[in-house]
Amino acid sequence: AYAQTRIALVVKSLGNGFFEAAARGAEEAAGELGDVEIIYTGPTEPTAEAQIEVVNSLIAQQVDAIAISANDPDALVPALQRAMQRGITVISWDSGVAPEGREMHLNPSSNDLIGNTIIKLSADHLPDGGDVAILSATATATNQNIWIAEAEKVLPDYEGINLVATVYGDDQSDKSYREAQGLISSYPGLKAIIAPTTVGIVAAAQAVTDAGKIGEINVTGLALPSEMAAHIKSGASQSFAIWNPIDLGYSATYIAHALATDAATAEPGATISIGRVGEVTIGEDGQAAMAEPFTYDASNIDEFATIF
Amino acid sequence: MCPAVGMAISCHIPGITLPLVGRAREGVLTQENMTEPVLTLSGISKSFPGVRALHDVALELYPGEVTALIGENGAGKSTLVKILTGIYRPDAGEIHVRGEPVSLPTAHAAFEKGITAIHQETVLFDELTVAENVFLGHAPRTRFKLIDWKKMRAEAQSLLDSMGAELRADTRLKELGIAKKHLVGLARALSVEADVVIMDEPTAALSQKEIEDLYVLVELLKEEGKAILFISHKFDEIYRVADRFTVFRDGEMVGKGMIKETAQDEIVRMMVGRSVDHIFPKVKAEIGEVVLSVEGLSHPTEFADISFALRRGEILGFYGLVGAGRTEVMQALFGITRPSGGSITIDGREIAPRSAADAVAAGIVYVPEERGKQGVVIGLPIFQNVSLPSLKRTSTSSVLQLAQEFALARTYTERLDLRAASLSQDVGTLSGGNQQKVVIAKWLATNPRVIILDEPTKGIDIGSKAAVHAFMSELVGQGLCVIMVSSELPEVMGMSDRVVVMREGRIAGVFDNKGLDPVTLVETAAGIRSQAA
Amino acid sequence: MIRLLKQREVMLLAIIAIIVALVTTRSAGFGRPGNLTAIFNDTAVLMMLACGQLVVILTRSIDLSLASNLALTGMIAAMVNAAMPGIPVEVLILGCIVVGGLLGMFNGLLVWKLNIPPIVVTLGTLTIYRGTVFLVSGGTWVNAVEMSDRFKSFTRAEFLSLPMLSWIAILVIALFALMMLRTPLGRAFYATGINPTAATYAGIDVGKTKFIAFTLAGMVAGLAGYLWVSRYVIASVDVARGLELQVVAACVIGGVSIAGGIGTVGGAVLGALFLGVINNALPVIGVSPFWQMAISGAAIITAVIFNARGERRGGRIILKTAEAG
Amino acid sequence: MTDAAETTHRHIPDRLDNPIKSAVLSWETLLVLVAVVIFILNSLASPYFLNAWSLSDLTFNFTEKAVIALAMALLITSGEIDLSVAAIIALASTLMGMAVQWGVPTPGLVAIGIGVGLACGAFNGALVTGLKLPSIVVTIGTMSLFRGISYAILGDRAYGGYPSDFSFVGQGYVWWVISFELVLFVFAAVLFWFALHRTNFGRQIFAIGNNAVAAQFSGVRVARIKFVLFCLTGLMSGIAAVMLTARLGSTRPSIAQGWELEVITMVVLGGVNILGGAGSITGVVLAALIMGLVTFGLGLLNVPGIVMSIFIGGLLITVIALPILYRMWRERRA
Ligand SMILES: Nc1ncnc2c1ncn2[C@@H]1O[C@H](COP(=O)(O)OP(=O)(O)OP(=O)(O)O)[C@@H](O)[C@H]1O
Ligand SMILES: Nc1ncnc2c1ncn2[C@@H]1O[C@H](COP(=O)(O)OP(=O)(O)OP(=O)(O)O)[C@@H](O)[C@H]1O
Ligand SMILES: [Mg+2]
Ligand SMILES: [Mg+2]
């Protein structure tokens, strides 16, 4: 039999545009690497226990590597440890796992960079400062919470920017929409809604549009260009940012492949090549950052909306 | 409010209004209308899984005549009614209406062919108003095909008024007693223009006064030329209203004829295949010490001040109009209804049963009036129904012992001459009378001290009735005591040692059954007379 | 009967009014007509679905697949619109009603012809329909850019300062109310639920009535599918997840008996409105959003206890009639 | 009717049908067949299936849900239902997590988990039997309430830091590939089988499920038994909460989201009549196994979870519909 490396790309839940894009990146990397088979999978509900079932079936299949975006940093540890005991390479990406449950973690970007970016995006369009609010996904989403914490840390650097509330839309369109409406009516002076989640930002932009507040309230945060194109054009959103999810899936695949084929080892200071994206260096905490988030606005949206 | 017995009634059937006097007219039967049956059935067969309910039966109904359909429980009478009203489809056979062959695939089709029925079970809608119950399915419509509520209420009210029913068309049915509900069912049957009116045991739940009213109504329908099929287990009633009879036995037609020309004995023989001599085989048992005594038992809304004593070997009859509250009192003794005051003493020990289980433990058992709902657990086999209250005895440290259960069930069901294919059969497949036997068997198996029978022979055929009565005699002979709630005068008169009469939640009189005049009972129950003694 | 039920609805309306008044004292903007119509608009879909669920529950059934039906129909509508923007929205809406109706019919057929308990059938189709959304979409979303302008603007167009979405809801509610009160079909739903045997005897085909109820509910869910996608301009697998139980909750709060036969369109609509007002009020008065779930749970339990009291009242009272007579 | 005239009592046989024949034609046989077919299909479809560790991992997919399903089977047989089981897990797990922060050791945690489950079950039971409310709506309400309390306590946080010996309950192996969870489940299944099919208690549950009023009129303490069943369901949910929390080592309010429907699907697939009155524990155990086999088998083929749910939904309807269709077909021919 010829040596084929099977890499499982496990996502929080299927049916999410962001992860679909990452899967495309993984396929692209697999094509470049040649002897790689990508297994793109994930549970229906974004819960840890459902993800464990998926991991268990991957262990049974004796895949060579698992690259996971986790629903809970701790709950998956036992299952992933079992995978590692059976010789499977485990890395986490996007949303991390506790260090004992993986060999390394690939952040799409560094958390402080993201935290800073989402505040900066709103501040850029508020020269005189003003009230802003955050619309997050589920209250339990690890990465969301880290970013919000980072954002709160850098808040003092932005004079006049005043964070009035953080609400949760559970990554459901209707709830996010309603929460955004609540923000709009509760804070008449609101100048910006920051939603570091794609479902939330789309819903918030729609709520602002429907409330006739385009130009008054700027919606910003993290989103895919294809989802936000319409709102950039209408002016509901001035700009937003995202790392390239395709690159993220691509990079995770490269790293998983390198570790699984023993071309690299996951230890602090190690540098791993990630194809066209460049290379990453693993830090002291076993984490690596891919790249800075990229900002999209009216000037470049059309170009990217067709890509992801 | 109090209905007077025998008051004059003006009756209205859509189309005609005519005054009536509460007495059946005789000799309506004439030669012409005998020749042309409105409805002819031939070769009708119907089977259910495992049961042959009807086999090759025939029936004719003549205009202006009442045909009584007679047969034991499970003979197939109701099944025939359901075939005629489009609820079941026969496996074989033909139905002709006025000589035309018809098929009755739905209840609606039967309606349109002019066949209407009052079914054995009250089949009405508790949450709807009386008017809607009367007109559901054929409500008057406005120009836009929408239901015309105003017209509906008005028509229903005039129909009810004409029947002498003291009912308002916009009351919710839920708020009515059983008897009134039956009247609504009757109004429903009469709200359509029909040639054939079927009544399946229409008097089973009615009190004397309403039964009288019903006879008047039947008479009126006859005069209008309607063909009436009348099903009943009460022979006095059959002889009173019917012109012809047809007898079914085990799903087959075994005889028919003119009522006037046939003696009751002969019909009974056709029905059961033997003669039944003693319907009330009352054997005087030795009356002993007081077993159960009830003092001042009260309930906030249902009954008040109920006091009586029951002696060993005694059958105590509870008579009253339907709705007098007897059932509630019995259910209080049985721990189902929680009384607000008073005391219950059994064998000198005061008890306060808070559940049926408590009552059974104290030796009081209750055969409920609503057999299907409260008596048998349909879905469970016969033997499990029998053993249910006795599980403690048939099991060893709460672990089931099937052999003991079967033995217990066999002992008591065979004693009651139950007709069943096997003890593992679902009770739901038994006829009503046989279900009643299962309920009684269940209680006998618990060795009770007091057995309460609530309308024990309601809807039960004459053969089984005699068996139940014989059994009651046997029970008291063995030293049990029996409370028998009954709305049937002959039964109360024939079986009880003493009679308690209840009226509107209170005891209206207690009578010794020696030289007791039935009129006294009726009048006490109706509140016309109050007890002198 | 009508009197008693009306009382319950008046009570519910009063509670809603009190909540609005209380919240307004905390946040003046809440009671503004503009905000109230916004809440109404926000609850429109829930109210419509509650009407659909009402007829199903009245016939002693339950439809747990409504939200999945909505998601599937919505996804199909969005995909068709994305692929063929030329198709007029009106045609698309009709299509949605048909598709939703077919999905409802499938439930209804299983209940009618095979006599499978509705909760089992719809528990199955709940997951089947939701999974089918994934199959037809391949897991991807349909986004705002892909939808035609008319597709998005139709529900927002204002008439007499109320958006089209609200008007459609009002129309649906009115049609249901008319059907329930003034047509034989509406009465057949009640009859079937109150006493199926009696309904059969009255010439009503109980199985077919249930089938029609499921079909109607499915049609409403289909219509709601388009409305939802148009309003939130996104179609994904997760659309309206968990809404099925909210719809049942709305009915329960509105006094619909889960045992069938009892309930009114007004009650169901007000039940939905109650949930809508609560949902909208909490963020406004600054209650932590984490309390939302617990509060709506408590509201449901309270409503059930309250309703059961109302249902148990009435019936006959032997002694009272004796005293009156 | 010549024998009617006889005075001797006629004999009624115990049973007419052949017990062996009716056992062969039972629901359980159908389930065994389905399970075997799926097992064979799995072995053919994936080379990784027939492996002791795979089969062991497979059991983790269903043991916790199945533990609840055992109690739910009894509850549904009695004619009630509990939709709040998953929410009970969330609340029990949250309170266990809270206790960890106070330094409560493992035995205390287990007691808290089970105790909270029992208390929630008692709350449901009191509402349903005490106030005579329909269980389906009561538990839709408590489902929001229990999980809502969990959200209110935890918010966006998670509890972790469970003691290391606690994890044995959810992750430990008793012997080779036999997990502690599996042993616990088998033990519970035997107990529940005995309780439902071999004791007075079980018989009374069937009686209540078929006709609660008649059962009450036969001296069965209906309210008490129903209350006990709700408590039992809560208790088993509490045990499941302990197992799941120990397996995850972490508590979030969204834990066990959507499990109530999976548990009920398991019970119904197991042949328990959703309207009450009929059911068997053997069927439920087989159904749990089938659901585990289906999800794990499809997982090995990397079928997305949501497509799996189509299979489960379809299986539910098909398995229920098949016997009905067969009966209709046979009746039509006869
Ligand atoms: N739906 C059914 N399924 C199975 N068996 C039935 C069904 N309906 C009636 N039977 C059976 O058919 C037979 C005839 O029943 P039917 O109700 O017609 O008797 P009946 O003459 O009306 O008796 P009763 O005097 O007790 O009312 C009985 O053995 C009964 O158990
Ligand atoms: N309006 C009603 N709604 C519901 N059930 C009723 C109604 N009226 C009577 N019942 C029930 O039907 C049965 C027979 O009622 P009925 O009217 O005979 O009153 P009762 O209390 O039984 O009086 P009695 O036994 O003296 O005739 C009882 O079980 C009673 O609880
Ligand atoms: Mg009959
Ligand atoms: Mg009575």
Side-chain angles (χ1 to χ4, degrees), chain B residues 49 249-250 272-274 331 334-336 355-361 365-366 368 370-385 387-392 394-395 398-400 402-403 406 409-410 413-425 439 442-443 446 463, chain D residues 1-19 22 77-79 129 193-227 273 275-279 327-328 330-331 334:
Chain B
R249 191 167 79 210
D250 288 339
V272 276
R274 70 192 145 94
Q331 294 189 353
F334 191 54
I336 301 280
S355 70
D358 291 345
V360 176
V365 300
Y366 172 71
E370 296 193 44
R371 199 179 302 132
K373 269 194 217 154
Q374 306 170 337
V376 285
V377 182
I378 290 176
L380 287 191
I382 296 169
F383 80 94
Q384 295 188 5
N385 264 282
S387 65
L388 193 55
S390 311
L391 281 177
K392 271 208 187 96
T394 59
S395 61
S398 285
V399 177
L400 297 172
L402 287 191
F406 276 119
R410 161 148 326 96
T413 50
E414 286 186 359
R415 235 171 96 190
L416 289 169
D417 198 20
L418 181 80
R419 308 288 170 85
S422 91
L423 290 176
S424 301
Q425 191 181 339
V439 178
K442 167 177 88 181
W443 289 132
T446 66
Chain D
M1 294 300 290
T2 45
D3 55 357
E6 288 168 15
T7 45
T8 56
H9 300 310
R10 53 169 123 187
H11 177 79
I12 309 172
D14 283 354
R15 47 166 58 99
L16 292 177
D17 52 342
N18 181 342
S22 50
T77 301
S78 83
T129 60
W193 178 85
F194 193 81
L196 183 62
H197 299 292
R198 285 291 177 271
T199 67
N200 293 351
F201 178 64
R203 171 66 58 72
Q204 290 177 326
I205 293 174
F206 281 111
I208 292 171
N210 278 300
N211 183 344
V213 176
Q216 187 197 3
F217 273 75
S218 299
V220 176
R221 297 181 193 273
V222 175
R224 184 182 297 181
I225 288 179
K226 283 189 173 174
F227 181 76
N273 185 344
L275 308 173
R327 210 178 51 223
M328 282 165 64
R330 221 181 36 186
E331 270 167 28

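Not measured: the values here are computed from a predicted model. Worth knowing before you read on, the calculation uses all heavy atoms, side chains too, and leaves out hydrogens, waters and symmetry mates.
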Contact summary for D/Gly219 and B/Ala357, nearest pair of heavy atoms: O-CB, 3.2 Å
Atom of D/Ser218, atom of B/Gly375 and distance for their closest heavy-atom approach: OG-O, 4.3 Å
Closest non-hydrogen atom pair, D/Ala207 against B/Val377: O-CG1, 3.5 Å
Pair listing, salt bridge (Lys or Arg N to Asp or Glu O under 4.0 Å) test, anchored in residues 201-217 of chain D, at least two apart: B/Glu405-D/Arg203
Heavy-atom pair of closest approach, residues D/Val213 and B/Gln374: CG1-CG, 3.7 Å
Residues forming a salt bridge (Lys or Arg N to Asp or Glu O under 4.0 Å) with D/Arg221, sequence neighbours excluded: B/Asp358
Separation of D/Phe217 CZ from B/Ile336 CD1 (nearest 0.5 Å): 4.0 Å
CG on B/Leu400 to CZ on D/Phe201, rounded to 0.5 Å: 12.5 Å
Residue B/Ser398 versus chain D: region with a heavy atom under 4.5 Å: both
Pairwise distance OG(B/Ser422) to CD1(D/Ile12) - rounded to 0.5 angstrom: 9.0 Å
Most contacts with chain D, counted as non-hydrogen pairs under 4.5 angstrom, among B/Leu402, B/Leu418, B/Val439: B/Leu418
Proximal component of B/Val376, with respect to chain D [non-hydrogen, under 4.5 Å]: backbone
Which portion of B/Lys373 sits near chain D, non-hydrogen atoms under 4.5 angstrom: backbone
Contacting moiety of B/Ile378, where chain D heavy atoms sit under 4.5 Å: backbone
Distance-minimising heavy-atom pair for D/Asn211 and B/Gly372: ND2-O, 3.4 Å
Which atoms of B/Thr446 approach chain D - backbone, side chain, both or neither, heavy atom under 4.5 Å: neither
Closest non-hydrogen atom pair between D/Asp14 and B/Ser424, with its separation: O-OG, 2.6 Å
